[in-house]
Amino acid sequence: MLTHPLDSANDPRLCPESQYCPSPNAAQHASARYSHLVEEVAAAINLNGISYAVMMITPDHFEDFVIGFLFAEGIISQDQDVHEIDITPVQDGVMLDITLANRCLIALKQRKRRLVGATGCGICGVEALGHALPDLPPLPACAPLVLEHVDRLKQQIHTHQLKAQRSGAIHAAFALDEAGNILECREDIGRHNALDKLIGALLRQKRNAKALLMTSRCSSELIQKAVRYGANHLISLASPSQLAVKLALKYQLNLVHIPKFDPPIHYSIFDESLASQCNRGEFYACSY
């Protein structure tokens with residue numbers, strides 16, 4: 001896989017000249033003045049020469065993002081499906097020119113986007129409702145995750161969030177082992193981007209994490225990404241939406257919400273006695 005790595009902290013092309021940066025010196029001065037703030041750039045994704053999407057992301061771990069994003073889109077099934085990633089800085093962001101294996105072209109034609117994906121929206125621009133809410137196969141039933149040391153886990157989260165320690169305004173996605181220890185972390189201004197970067201990193205490293213954790217609110221697209229990856233558990237530090245819980249139960253993904261002060265809340269249908277009491281028309285009302 002060929003890439004052109006980009007150092008977003010030192011590349012002046014990521015601070016375009018504008019009315020706020022009228023000269024290179026002014027651009028550097030402005031960059032230094034706001035260096036404590038999180039970065040955000042437009043990333044134009046081109047697949048085999050076809051313009052596919054524009055996403056607003058934090059400019060780092062581009063390879064991880066590309067692999068995770070295309071995997072979540074259902075365009076690739078493994079990282080080897082991507083033959084080349086060419087990263088080119090431009091005035092307003094970066095161009096990501098990606099060469100896919102020929103076997104992925106059918107999926108690409110079925111899953112073409114038209115619009116821009118904003119920072120906070122992981123399914124913006126899809127052409128059909130079926131693409132926004134795909135019918136994914138359910139995961140194997142698995143007992144809910146046991147979280148015995150929540151305070152220790154929260155401390156690990158803080159330690160691994162290096163960008164958040166500087167800016168505070170950024171999401172993070174984590175991969176956990178069976179003991180609840182953090183294996184990998186990725187941060188981004190967009191919560192779905194952070195998860196894409198994490199999943200991409202795990203796919204490239206050939207690592208299998210059964211539990212994922214998000215610092216952000218849990219919405220439906222995060223459930224879909226976790227299910228596609230094959231995680232059995234998704235932990236969120238913010239409340240899930242009703243649709244997120246409904247989809248998690250449908251796909252047999254154990255969903256855990258860790259409130260700031262209260263004990264964890266589990267959503268699962270693993271326990272058959274609880275599942276039998278669950279009104280199938282009100283899936284989101286059934287919790288474990």
Side-chain angles (χ1 to χ4, degrees), residues 1 3 5-9 14 37-43 45 53 55-73 75-76 78-79 82 85 87 93-94 96 98 117-123 153-177 180-219 221-238 253 256 258:
M1 187 182 301
T3 63
L6 179 65
D7 185 350
S8 62
L14 288 184
L37 301 178
V38 63
E39 291 183 88
E40 180 182 17
V41 302
I45 301 172
M55 305 298 293
M56 303 303 298
I57 70 172
T58 298
D60 60 26
H61 298 289
F62 287 108
E63 277 199 341
D64 292 342
F65 170 71
V66 166
I67 299 297
F69 175 76
L70 296 179
F71 182 83
E73 291 281 287
I75 294 175
I76 65 172
Q78 55 185 343
D79 66 310
V82 175
I85 303 174
I87 304 170
V94 293
L96 302 177
I98 300 142
T119 299
C121 179
I123 57 174
L153 177 58
K154 289 181 178 180
Q155 181 58 45
Q156 286 189 72
I157 292 171
H158 174 74
T159 302
H160 281 77
Q161 283 191 269
L162 301 181
K163 287 185 173 63
Q165 292 174 23
R166 294 196 302 267
S167 69
I170 196 167
H171 302 293
F174 301 88
L176 309 181
D177 64 14
N181 298 310
I182 293 176
L183 300 173
E184 195 66 74
C185 170
R186 289 292 182 270
E187 297 176 273
D188 197 277
I189 194 169
R191 64 187 185 279
H192 51 91
N193 296 337
L195 186 53
D196 284 339
K197 288 179 178 179
L198 176 67
I199 291 175
L202 295 173
L203 291 173
R204 295 179 63 212
Q205 298 168 14
K206 306 296 188 293
R207 302 175 78 175
N208 186 19
K210 291 301 182 182
L212 306 177
L213 184 149
M214 299 295 304
T215 59
S216 62
R217 65 181 175 86
C218 184
S219 50
E221 79 272 14
L222 299 184
I223 299 294
Q224 295 168 22
K225 291 176 186 291
V227 171
R228 282 188 184 272
Y229 171 69
N232 295 111
H233 314 280
L234 179 61
I235 306 168
S236 176
L237 300 189
L253 173 69
V256 185
I258 301 181

Distance in Å, [X] [atom1] paired with [Y] [atom2], rounded so as to fall on 0.5 Å steps:
X: Glu40; Y: Ile189; atom1: CD; atom2: CD1; answer: 4.0 Å
X: Leu203; Y: Asn208; atom1: CG; atom2: CG; answer: 9.5 Å
X: Ile182; Y: Asp177; atom1: CD1; atom2: CG; answer: 9.5 Å
X: Ile157; Y: Leu213; atom1: CD1; atom2: CG; answer: 4.5 Å
X: Glu39; Y: Ile170; atom1: CD; atom2: CD1; answer: 9.0 Å
X: Phe69; Y: Ile45; atom1: CZ; atom2: CD1; answer: 4.0 Å

Compare all side-chain heavy atoms of [X] with those of [Y] and state whether any distance is below 4.5 angstrom.
X: Ile98; Y: Ile75; result: no
X: Asp64; Y: Arg204; result: yes
X: Ser236; Y: Leu222; result: no
X: Thr58; Y: Lys197; result: yes
X: Phe174; Y: Thr215; result: yes
X: Ile258; Y: Lys154; result: yes
X: Leu195; Y: His171; result: no
X: Phe65; Y: Ile85; result: no

- Salt bridge check: are Arg191 and Glu221 linked by an N-O gap of less than 4.0 Å?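 Looking at Arg191 and Glu221, the cut-off is met.
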- Query: In terms of side-chain geometry, is the basic nitrogen of Asp60 or Arg186 positioned less than 4.0 Å from the acidic oxygen of its partner?
  - Reply: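 No, Asp60 and Arg186 are not salt-bridged.
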Which heavy atom in [X] sits nearest to a heavy atom in [Y], and how many Å separate them?
X: Val41; Y: Pro59; answer: CG2-CB, 3.8 Å
X: Ala72; Y: Asp196; answer: CB-OD1, 3.8 Å
X: Ala43; Y: Leu96; answer: CB-CD1, 4.0 Å
X: His233; Y: Leu253; answer: N-CD1, 3.7 Å
X: Leu183; Y: Ala209; answer: CD1-CB, 4.5 Å
X: Leu153; Y: Gly180; answer: CD1-O, 3.6 Å

- Task: Give the intermediate values and the outcome of side chain to side chain contact (heavy atoms under 4.5 Å, CB included) for residues Leu202 and Leu212.
- Result: CA-CA 11 Å; Leu202 295 173; Leu212 306 177; 4.3 Å; yes
- Message: Go through it in stages, so that I can follow the logic: the residues are Asn193 and Met56, the test is side chain to side chain contact (heavy atoms under 4.5 Å, CB included), and I'd like the CA-CA distance, side-chain angles, deciding distance and then a yes or no.
- Response: CA-CA 9 Å; Asn193 296 337; Met56 303 303 298; 5.7 Å; no
- Task: Dump the intermediate steps for side chain to side chain contact (heavy atoms under 4.5 Å, CB included) on Ile235 and Leu176, then the final yes or no.
- Result: CA-CA 10 Å; Ile235 306 168; Leu176 309 181; 3.7 Å; yes
